[in-house]
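Working notes, beginning with the structure itself.
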Amino acid sequence: MKKDKETELHSIQQVLMNKIPEHQQVGQFLMKDGVIHWFQTKMKGIKDASGHTYGVIVSHKSVSPYSIQPITAEIVLETMTEGFILLDDQLQIIYVNEIAEKLFQCQRRNVVGRDLVEWFPEVAGTSFYQNYQQALREKVVLEFIDYYKPLDIWFEMKVCPLKKGGLALYFQDVSERKKTEVQLVESTYYDYLTGLPNRRLIIETARLLIEQQKNFSILHFNIDNLNYINAVHHFGAGERIIKKFAEELNGFSSKTCHVGRLDGNEFIILQEVAPNEDVAAITEQMQEIFVHPVVLEDSQKIHASVSIGIACFPFDAQTLEELISCADIAMHEAKEVPGSFHSFFHPLMKISYNRKSAIEKGLNGDLKENGFYYVLQPQIDGSSGQLVGAEVLSRWNHPEFGEISPLEFIQIAEESGEIVPLTSHLLAEIFTQIKEWEKGFGWNLRTAINMTPSLLSDPTFFDNFFELLEHFQISSHLLEIEITEQAELTYSPKTLENLLRCKSKGISIAIDDFGTGFSMISYLTHFPINKIKIDQSFVQKIGQNRKSEAVLTSLIHLAHSIECDLVAEGVETVEESLFLQENGCPIHQGYLYDKPLTPKAFEKKYLQDFIKNKDMKELPYHHTLL
């Protein structure tokens with residue numbers, strides 16, 4: 001009502017200033033009795049002989065609210081939260097409300113009376129225009145949601161034909177709602193990291209292909225050693241590798257090739273197979289992606305390999321579950337080959353897969369009860385026959401498969417993430433034994449324990465390792481960590497940090513199988529190495545290959561020049577032992593002296609016979625070379 005009064009005064013001023021000749025309006029007035037009445041107010045200027053307006057005649061007339069329906073309808077349209085446009089039967093604009101003005105960034109006086117396409121030429125040919133024409137032609141109400149690109153807005157539209165011809169358009173900006181819906185769909189069907197279809201969407205696509213009885217292959221990609229890469233570098237390194245390869249694999253996407261990410265380091269590709277199409281050739285093209293290194297943020301380059309398992313529908317399996325299982329089995333078979341490799345499923349693969357699954361299951365159980373144990377192989381001074389140390393070697397007498405090679409079950413432990421609990425169990429067993437020998441026999445020689453690369457780069461594992469040492473009260477100088485020479489370890493900051501922690505506590509660091517890897521100089525330069533163990537491949541060529549002997553003597557001289565201790569592995573003949581002694585490597589480990597022994601056998605042979613002698617360095621060895 002206050003607003004009506006203000007409007008009336010403003011209109012009187014407009015008439016007095018000759019801006020408008022007259023004005024009328026309908027408004028509410030609150031009477032003294034508290035009742036609201038509707039009045040029509042008219043204002044007309046009073047002019048003198050010269051045409052100058054010198055006064056205004058204002059008249060009020062009581063009206064019924066029902067007689068002002070056209071005006072109140074306009075008020076309703078102006079107070080709507082929806083945009084509204086009124087079109088005639090030629091799609092010319094008759095009316096535009098305030099919301100529509102704001103949405104379309106226009107002024108109604110500039111668009112009323114104009115053709116819709118003239119106002120918005122981009123609307124021609126769109127679904128909007130087609131729906132307008134259909135509603136006008138068929139006299140039906142249409143509701144739809146569509147995207148209008150020129151304004152970058154999603155509109156929810158309701159198109160209502162009028163009885164006398166023309167259309168009423170009601171519309172709302174639903175861009176935010178649409179954005180939320182898109183985000184919901186993306187989180188449901190697309191991988192958050194790569195933007196590729198996720199497990200759910202790729203599985204739905206595969207089910208559809210099976211329902212349509214289309215021939216297709218599942219290619220199961222697994223990036224090798226991604227957990228290790230994350231541990232050595234940082235978590236972001238693994239993500240960078242995944243995103244890089246996802247982007248390149250997505251380049252193969254087409255109507256017949258569906259690329260998705262399962263989870264972690266695994267991708268899946270559904271390749272519809274045309275007649276005479278070579279799946280192996282397509283796979284090799286995809287495999288080529290992994291030949292090129294990924295550059296990290298700190299400019300380091302990482303080479304990652306991939307194992308690919310392939311299963312074909314309907315030849316390998318009739319159901320999706322079986323098909324995925326076949327591809328998974330083939331992928332694990334491909335992992336047996338170093339580097340990037342792909343393998344097609346074959347029924348015989350199930351045997352080795354079932355074996356691997358059983359071994360992995362055994363790693364999750366009671367290790368001791370499942371037949372896991374360790375042996376010790378003595379390290380002997382060949383010149384005196386004295387015992388100078390021992391190496392711990394893990395063994396597994398599996399209840400189903402019998403003796404399993406450490407190479408097999410340790411690899412499975414690495415891949416399954418069970419290497420930490422496996423090694424922790426082994427350490428607890430060894431520390432218990434060392435403590436017993438220390439109390440019973442005065443044991444004070446080093447015991448060497450192998451560490452895999454993933455353990456060396458794991459700070460949490462070493463925290464637990466040092467806690468175990470403290471718990472069992474084992475002196476650090478009684479331990480030696482053996483690391484296998486692998487190119488991946490070079491320049492690893494976390495590995496270096498953990499090894500330095502060990503050395504600071506007095507734990508010896510030895511390189512196992514030295515001379516067989518790609519980075520022995522880098523090892524000696526960057527890591528705190530105390531001992532070098534010469535690989536048996538050099539020892540076995542003594543007396544057979546003069547070049548190999550020359551390399552062997554060079555390795556011995558190198559070790560001496562950098563003040564590293566030496567142990568020769570795999571010594572099996574007297575000739576090998578004498579050659580090594582003559583060239584400055586008297587400490588040996590091999591079958592010439594002894595095979596790996598159980599703790600009881602080792603104790604009986606090397607400790608019980610000499611219980612009176614508390615200086616372990618004086619323990620003799622019965623075998624005489626000369």
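- Residue pairs meeting the salt bridge (charged side-chain N to carboxylate O under 4.0 Å, His left out) criterion with at least one partner in residues 157-179, sequence neighbours excluded, are Glu156-Arg177, Arg177-Glu181, Lys178-Glu181.
- Interatomic distance, Ile241 CD1 to Ile302 CD1, rounded to the nearest 0.5 Å: 4.5 Å.
- Using a 4.5 Å cut-off on side-chain heavy atoms (C-beta onward), Phe313 and Leu209 make no contact.
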Give the intermediate values and the outcome of side-chain contact (heavy atoms from CB on, under 4.5 Å) for residues Asp146 and Phe128. CA-CA 8 Å; Asp146 209 342; Phe128 291 92; 3.7 Å; yes

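- Separation of atoms OG1 (Thr256) and CZ (Phe216) is listed at 13.0 Å; rounding is to 0.5 Å.
- Here the side chains of Leu167 and Leu162 are not in contact, with every heavy-atom distance at 4.5 Å or above.
- Residues satisfying the side-chain hydrogen bond (donor to acceptor under 3.5 Å, both in side chains) test with Ser357, not counting sequence neighbours, are none.
- Under the 4.5 Å side-chain criterion, counting only non-hydrogen atoms from C-beta, Glu22 is not in contact with Met43.
- By the 4.0 Å N-to-carboxylate-O rule, Glu248 lies close enough to Lys244 to be salt-bridged with it.
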Exercise. Going through the checks in order, is the side-chain contact (heavy atoms from CB on, under 4.5 Å) test met by Ile99 and Thr81?
Worked result: CA-CA 7 Å; Ile99 296 295; Thr81 57; 6.0 Å; no

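- With sequence neighbours excluded, no residue satisfies salt bridge (charged side-chain N to carboxylate O under 4.0 Å, His left out) with Glu284.
- Of all non-hydrogen atoms in Leu270 and Ala206, the two that sit nearest each other are CD1-N, 3.6 Å.
- The side-chain contact (heavy atoms from CB on, under 4.5 Å) search around Leu151 returns Phe104, Tyr148, Ile153, Phe155, not counting sequence neighbours.
- Within the 4.5 Å cutoff, the side chain of Tyr190 has heavy atoms near those of the Pro197 side chain.
- The two atoms that bring Leu363 and Ser416 nearest to each other are CD1-OG, 4.3 Å, heavy atoms only.
- Considering CG of Leu249 and CD1 of Ile242, their distance stands at 11.5 Å, rounded to 0.5 Å.
- More than 12 heavy atoms of other shown residues, nucleotides or ligands fall within 6.0 angstrom of atom CD in Gln212.
- Here Arg199 does not pair with Glu204 in a salt bridge; the nearest charged N to carboxylate O distance is not below 4.0 Å.
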As a quick check of understanding, evaluate side chain to side chain donor-acceptor pair (under 3.5 Å) for Glu322 and Gln318, giving each step before the final call.
CA-CA 7 Å; Glu322 291 176 350; Gln318 300 296 312; over 6 Å; no

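- Nearest heavy atom pair, residue Ser175 against residue Trp154, reads OG-N, 3.0 Å.
- Remark: Gln287 engages His342 in a side-chain hydrogen bond (donor to acceptor under 3.5 Å, both in side chains) (not counting sequence neighbours).
- The side-chain hydrogen bond (donor to acceptor under 3.5 Å, both in side chains) test applied to His258 returns Glu272, not counting sequence neighbours.
- Among residues two or more places apart in sequence or in another chain, the salt bridge (charged side-chain N to carboxylate O under 4.0 Å, His left out) test is passed with Lys102 by Glu98.
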Worksheet item: For Leu86 and Ile93, what are the C-alpha separation, side-chain angles and deciding distance, and is it a side-chain contact (heavy atoms from CB on, under 4.5 Å)?
Response: CA-CA 6 Å; Leu86 194 63; Ile93 300 166; over 6 Å; no

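- Across all their heavy atoms, Cys257 and Gln271 have their closest contact at SG-OE1, 3.3 Å.
- Not one N or O on the side chain of Asp115 forms a donor-acceptor pair closer than 3.5 Å with the backbone of Gln92.
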Subject >> From CA spacing to verdict: side-chain contact (heavy atoms from CB on, under 4.5 Å), Leu91, Tyr129 >> reply: CA-CA 10 Å; Leu91 298 184; Tyr129 195 72; 3.7 Å; yes

Please list every donor-acceptor pair under 3.5 Å in which a side-chain atom of residues 135-142 meets a protein atom from a residue at least two apart or in another chain.
residue	atom	partner	partner atom	Å
Glu138	OE1	Gln134	NE2	3.4

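- The side-chain heavy atoms of Glu143 and Met157, taken from C-beta on, include no pair separated by under 4.5 Å.
- Between Leu262 and Phe267 there is no side-chain heavy-atom pair separated by less than 4.5 Å.
- Once rounded to the nearest 0.5 Å, the distance linking CZ of Phe341 with CD of Glu336 reads 11.0 Å.
- Between the side chain of Asn354 and the main chain of Lys350, a donor-acceptor pair closer than 3.5 Å is present.
- In this structure a side-chain-to-backbone donor-acceptor pair under 3.5 Å is missing from Asn250 to Ser253.
- Considering only heavy atoms from C-beta on, Tyr95 stays 4.5 Å or farther from Ile85 through its side chain.
- The list of salt bridge (charged side-chain N to carboxylate O under 4.0 Å, His left out) pairs with a residue in residues 187-198, not counting sequence neighbours, reads Asp191-Arg261.
- Residue-environment remark: NZ (Lys42) stays at or below the threshold of 12 foreign heavy atoms within 6.0 Å.
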Please output the side-chain donor-acceptor pairs of residues 326-335 that fall under 3.5 Å, not counting sequence neighbours, one pair per line with the distance.
residue	atom	partner	partner atom	Å
Asp328	OD2	Tyr353	OH	3.0
His332	ND1	Asp328	O	2.9
Glu333	OE1	Ser352	OG	3.1
Lys335	NZ	Asn222	OD1	2.8
Lys335	NZ	Asp224	OD1	2.6

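- When all heavy atoms are compared, the tightest approach of Ser454 to Ile419 is OG-CG2, 3.8 Å.
- Not less than 6.0 angstrom separates the ring centroid of Phe171 from the ring centroid of Phe84.
- Judged as a side-chain hydrogen bond (donor to acceptor under 3.5 Å, both in side chains), and not counting sequence neighbours, the contacts of Tyr147 are Asp152.
- Here ring pair (Phe, Tyr, Trp, His ring centres under 6.0 Å) pairs that include residues 271-308, with residues two or more places apart or in two chains, are Phe245-Phe290.
- What you find for Leu226 and Gly238 is that their closest heavy atoms are CD1-CA, 3.9 Å.
- Under the 4.5 Å side-chain criterion, counting only non-hydrogen atoms from C-beta, Ile268 is not in contact with Leu219.
- How far CE of Met349 is from CZ of Phe344: 10.0 Å, rounded to the nearest 0.5 Å.
- Expressed to the nearest 0.5 Å, how far CZ of Arg108 lies from CD1 of Ile94 amounts to 14.5 Å.
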